[in-house]
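We number each residue from 1, following the sequence as shown. Predicted, not measured: the structure shown is a model, and the values here were computed from it.
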Amino acid sequence: MPFELLKPQVETIISDSTKTTEERLLSICQLLETNINYYNWVGFYFANGDKKELHLGPYVGEPTDHTIIPFGKGICGQVAVSNENFVVPDVAAQDNYIACSITVKAEIVVPIFVNGKNIGQIDIDSNTPDPFTEKDERFLEFVCEKVAAII
Ligand code: SME
């Protein structure tokens, strides 16, 4: 499904105040994983206070052992300190990468900002090599802006 059609669905999920934040974030993961065929694992990580660690939040896809990631480690940990999107067309070419599944070929991580502070991120793994474009970045920035409003 095109990103422009998914955007209003993201807004509908986010604005459903009958659901908890966790439920709404899980629904976002399900929406993205179901409708974008090269999104094979979709999840959120959040910074844990001042501990310089990311903790796994709602996700869909294979369970991962990496429920806690120190800042600086892996793609996710690097985004926690860089405050910038990280698009990885080929995970095998990355030195500082934490493998969750041997099927994963590519990854994109986009930070979530609340009042200018990087408080977490959306993380997407793909089993397709080099699938992400700037359109994915713009769409995921939109998702993160919406998510920021309910964190
Ligand atoms: N590959 C990530 C770890 C998280 S899993 O993709 C779910 C990384 O290198 O930070």
**Student:** In terms of the angle between their ring planes, are Phe3 and Tyr39 parallel, tilted or perpendicular, with boundaries placed at 30° and 60°?
**Tutor:** tilted
**Student:** Find out if a path of hydrophobic residues (ILVMFWY) with successive side-chain heavy-atom gaps under 4.5 Å connects Val79 to Ile98.
**Tutor:** no
**Student:** Run the numbers on Phe44 and Leu56 for side chain to side chain contact (heavy atoms under 4.5 Å, CB included), then give the verdict.
**Tutor:** CA-CA 6 Å; Phe44 291 94; Leu56 182 61; over 6 Å; no
**Student:** Atom CD1 of Ile150 and atom OG of Ser17: how far apart are they, to the nearest 0.5 Å?
**Tutor:** 10.5 Å
**Student:** With rounding to the nearest 0.5 angstrom, report the CD1 to CD distance, Ile69 to Gln121.
**Tutor:** 7.0 Å
**Student:** To the closest 0.5 Å, what do you measure between OG1 (Thr128) and CG (Asn37)?
**Tutor:** 7.0 Å
**Student:** Distance only, no hydrogens: is a donor on one side chain within 3.5 Å (strictly under) of an acceptor on the other, for Asp130 and Tyr38?
**Tutor:** no
**Student:** For the side chain of Gln78 and the backbone of Gly74, is there at least one donor-acceptor N/O pair under 3.5 Å apart?
**Tutor:** yes
**Student:** Got Pro89 and Phe132 here, is their nearest side-chain heavy-atom distance under 4.5 Å?
**Tutor:** no
**Student:** Whether the side chain of Arg24 engages the backbone of Ile13 through a donor-acceptor N/O pair (distance < 3.5 Å, no angle test) should be reported.
**Tutor:** no
**Student:** Please tabulate, for the side chains in residues 105-112, all donor-acceptor contacts under 3.5 angstrom to protein atoms that are two or more places apart in sequence or on a different chain.
**Tutor:**
none

**Student:** For the backbone of Glu23 and the side chain of Thr20, can you confirm whether one donor and one acceptor N or O come within less than 3.5 Å of each other?
**Tutor:** yes
**Student:** Please report the shortest heavy-atom distance between Pro58 and Leu25, naming the atom on each side.
**Tutor:** CG-CB, 3.7 Å
**Student:** Do other residues, nucleotides or ligands put more than 12 heavy atoms under 6.0 Å from the CD1 atom of Ile102?
**Tutor:** no
**Student:** Any sub-3.5 Å donor-acceptor pair from Ser15's side-chain atoms to Thr12's backbone N or O?
**Tutor:** yes
**Student:** Within the distance-only criterion (no hydrogens, no angle test), does the side chain of Glu145 pair as donor or acceptor with the backbone N or O of Phe142 below 3.5 angstrom?
**Tutor:** no
**Student:** Sort and list the pairs that fulfil side chain to side chain donor-acceptor pair (under 3.5 Å) and have at least one residue in residues 84-100, not counting sequence neighbours.
**Tutor:** Asn85-Glu137, Asn85-Glu141
**Student:** Membership question, hydrophobic clusters at under 4.5 Å side-chain separation (ILVMFWY): are Leu6 and Val42 in the same one?
**Tutor:** yes
**Student:** Indicate the ring-plane relationship of Tyr59 and Trp41, choosing parallel, tilted or perpendicular according to the 30° and 60° boundaries.
**Tutor:** parallel
**Student:** If you define the side chain from C-beta out and look only at heavy atoms, does anything of Phe46 sit under 4.5 Å from Leu54?
**Tutor:** no
**Student:** Can you name the closest pair of heavy atoms from Gly43 and Cys29 and give their distance?
**Tutor:** CA-SG, 4.0 Å
**Student:** What's the separation between atom NZ in Lys19 and atom CG in Leu26, rounded to the nearest 0.5 Å?
**Tutor:** 10.5 Å
**Student:** Can you confirm whether Lys117 sits close enough to Asn115 that some side-chain heavy atom of one is under 4.5 Å from a side-chain heavy atom of the other?
**Tutor:** no
**Student:** Looking at CZ of Phe71 and SG of Cys76, how far apart are the two atoms once the value is rounded to the nearest 0.5 Å?
**Tutor:** 11.5 Å
**Student:** Is there a donor-acceptor pair under 3.5 Å between the side chain of Asn40 and the backbone N or O of Asn127?
**Tutor:** yes
**Student:** Quick one: does Val147's side chain get under 4.5 Å of Ile122's, heavy atoms only?
**Tutor:** no
**Student:** Using the rule that two of Ile, Leu, Val, Met, Phe, Trp, Tyr join whenever any of their side-chain heavy atoms come within less than 4.5 Å, decide whether Ile14 and Val60 are in one cluster.
**Tutor:** yes
**Student:** Can you hop from Val81 to Phe113 via hydrophobic side chains spaced under 4.5 Å?
**Tutor:** no
**Student:** Honestly curious: do Phe86 and Leu140 fall in one hydrophobic cluster under the side-chain, below-4.5 Å linking rule?
**Tutor:** no
**Student:** Taking side chain as C-beta onward, heavy atoms only, is Tyr45 less than 4.5 Å from Glu53?
**Tutor:** no
**Student:** Check whether any side-chain N or O of Asn35 sits under 3.5 Å from a backbone N or O of Leu31 as a donor-acceptor pair, and report yes or no.
**Tutor:** yes
**Student:** For Lys7, does the NZ atom sit with more than 12 other heavy atoms under 6.0 Å from it, leaving out its own atoms?
**Tutor:** yes
**Student:** Can you tell me how far the CD1 atom of Ile68 sits from the NZ atom of Lys73, to the nearest 0.5 Å?
**Tutor:** 15.0 Å
